[in-house]
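Structure, as structure tokens:
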Amino acid sequence: MRKKIVAGNWKMNKNVTDAQQLMIQLLRYKNNNATNCEVWIAPPALYLTMAKDVFDKGQVGVFSQDMSAYESGAYTGEISADMLQSIDAKGSLIGHSERRQYHNETDAQCNVKVKLALDKGLIPVYCNGETLEQRKAGQHFDVVKTQTETALFTLTADEIKKVVIAYEPVWAIGTGETATPEQAQEIHAHIRNIIAAKYGQDVADEISILYGGSVKPDNAKEIFSQPDIDGGLIGGAALKLEDFSKIIEGFNA
Ligand code: 13P
């Protein structure tokens with residue numbers, strides 16, 4: 001059965017003291033509560049080693065928010081897959097819409113990063129999703145198809161099984177406007193069908209597809225109850241344990 005996951009993307013938030021405090025709160029929560037899903041966080045790169053120290057038994061999976069498409073060398077400001085591997089990070093987000101929007105990342109670059117992450121034993125969380133204009137123009141199915149195919153379809157079946165996909169409609173990120181569970185489900189099913197058409201249903205059924213975009217304590221349970229939604233990638237609501245823990249509990253019976 002595919003993994004259920006709640007992942008927090010902290011984006012560019014929190015100073016070192018606040019980051020450590022939230023990690024320790026999350027550790028206590030994990031130690032005291034059985035959860036029905038894996039819990040992952042993607043803190044700013046500066047705090048990754050601290051996160052590894054806090055979650056030293058792997059209670060929470062530690063991810064970077066991005067990684068370089070290059071292996072090593074003169075790439076100022078970048079962090080490499082090797083560096084992430086060397087701290088035993090679990091993986092990296094790849095192709096988040098904010099990377100696409102503010103750093104002009106393309107699906108072709110994401111393809112290189114996804115492959116590199118897999119080669120280094122890291123889990124790529126490949127993010128895709130349409131903009132508001134694309135949805136209004138009825139292009140969302142095609143946009144997500146192209147994104148998925150361009151970034152992932154050079155992988156072998158064994159490789160793609162290790163990828164986690166996060167569908168994050170850009171219009172729902174940080175806006176308070178959430179895709180309805182039905183809107184999210186139909187795109188998740190669409191992504192799974194695209195993968196099934198190329199790799200077979202068995203492969204597609206193994207891939208966890210997370211929803212991201214204004215997931216909150218009051219809508220998580222309904223979103224997670226959809227058959228093709230395997231969890232969430234949480235932004236704003238991951239910054240407070242009170243909210244994040246309630247979202248994790250969206251997987252409780
Ligand atoms: P919000 O939950 O703040 O909308 O952010 C979603 C997101 O971008 C997670 O990667």
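All heavy atoms count here, side chains included; hydrogens, waters and symmetry mates do not. First listed ligand is number 1; within each ligand, the first listed atom is number 1.
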Which residue and heavy atom of the protein sit nearest [atom], plus the separation:
atom                   : result
atom 5 (O) of ligand 1 : Lys11 NZ, 3.3 Å
atom 3 (O) of ligand 1 : Gly236 N, 2.8 Å
atom 2 (O) of ligand 1 : Gly235 N, 2.9 Å
atom 9 (C) of ligand 1 : Glu168 OE2, 2.9 Å

Of the backbone atoms (N, CA, C, O) and the side-chain heavy atoms from C-beta on, which set of Ala172 has a member under 4.0 Å from an atom of ligand 1: side chain, backbone, both, or neither?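 Only the backbone of Ala172 comes within reach of ligand 1.
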Heavy-atom distances under 4.0 Å are what count here, so tell me which part of Asn9 touches ligand 1: side chain, backbone, both or neither.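 Side chain only; the backbone of Asn9 stays clear of ligand 1.
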State plainly whether one hydrophobic cluster holds both Phe244 and Met50, where clusters connect Ile, Leu, Val, Met, Phe, Trp and Tyr through side-chain heavy atoms under 4.5 angstrom apart.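 Linked within one cluster.
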Please check if the number of heavy atoms outside Asp202 that lie under 6.0 Å from its CG is greater than 12.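 No, because the 6.0 Å sphere around CG of Asp202 holds 12 heavy atoms or fewer from other groups.
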For Gly213, atoms of ligand 1 separated by under 4.0 Å from a heavy atom: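 Reading through ligand 1 atom by atom, the close ones are 4 (O), 6 (C).
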Check each atom of ligand 1 against the heavy atoms of Gly174 and keep those under 4.0 Å away; list them by number with element.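 The list of qualifying atoms is 1 (P), 3 (O), 4 (O).
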Where Leu116 and Ala69 come nearest, the two heavy atoms and their spacing: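 Between these two residues, the closest heavy atoms are CD2-O, 3.7 Å.
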Could you tell me if the side chain of Ile79 sits less than 4.5 Å from the side chain of Leu48, heavy atoms only?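 Yes. Closest side-chain heavy atoms under 4.5 Å.
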Side-chain heavy atoms of Thr150 within contact of Asn111, under 4.5 Å: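 No, too far: nothing below the 4.5 Å cut-off.
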May I ask whether Ser97 places a heavy atom under 4.0 Å from ligand 1?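 Heavy atoms of Ser97 never come under 4.0 Å of ligand 1.
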Is Ser214 in contact with ligand 1, taking contact as a heavy-atom separation below 4.0 Å?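 True for this residue.
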Using distance alone, decide if ligand 1 has a nitrogen or oxygen within less than 3.5 Å of any nitrogen or oxygen in His96.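 Yes: some nitrogen or oxygen of His96 is under 3.5 Å from one in ligand 1.
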Step through it carefully: locate the ring centre of Tyr211, locate the ring centre of Phe224, and say whether they are under 6.0 Å apart.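 No, the ring of Tyr211 stays outside the 6.0 Å limit from the ring of Phe224, centre to centre.
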For Arg100, which of Thr106, Asp107, Asn128, Thr131 qualifies under side chain to side chain donor-acceptor pair (under 3.5 Å)?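 The passing option is Asp107.
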So which of Lys162, Lys161, Lys198, Lys115 actually passes side chain to side chain contact (heavy atoms under 4.5 Å, CB included) with Leu155?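 Only match with Leu155 under side chain to side chain contact (heavy atoms under 4.5 Å, CB included): Lys115.
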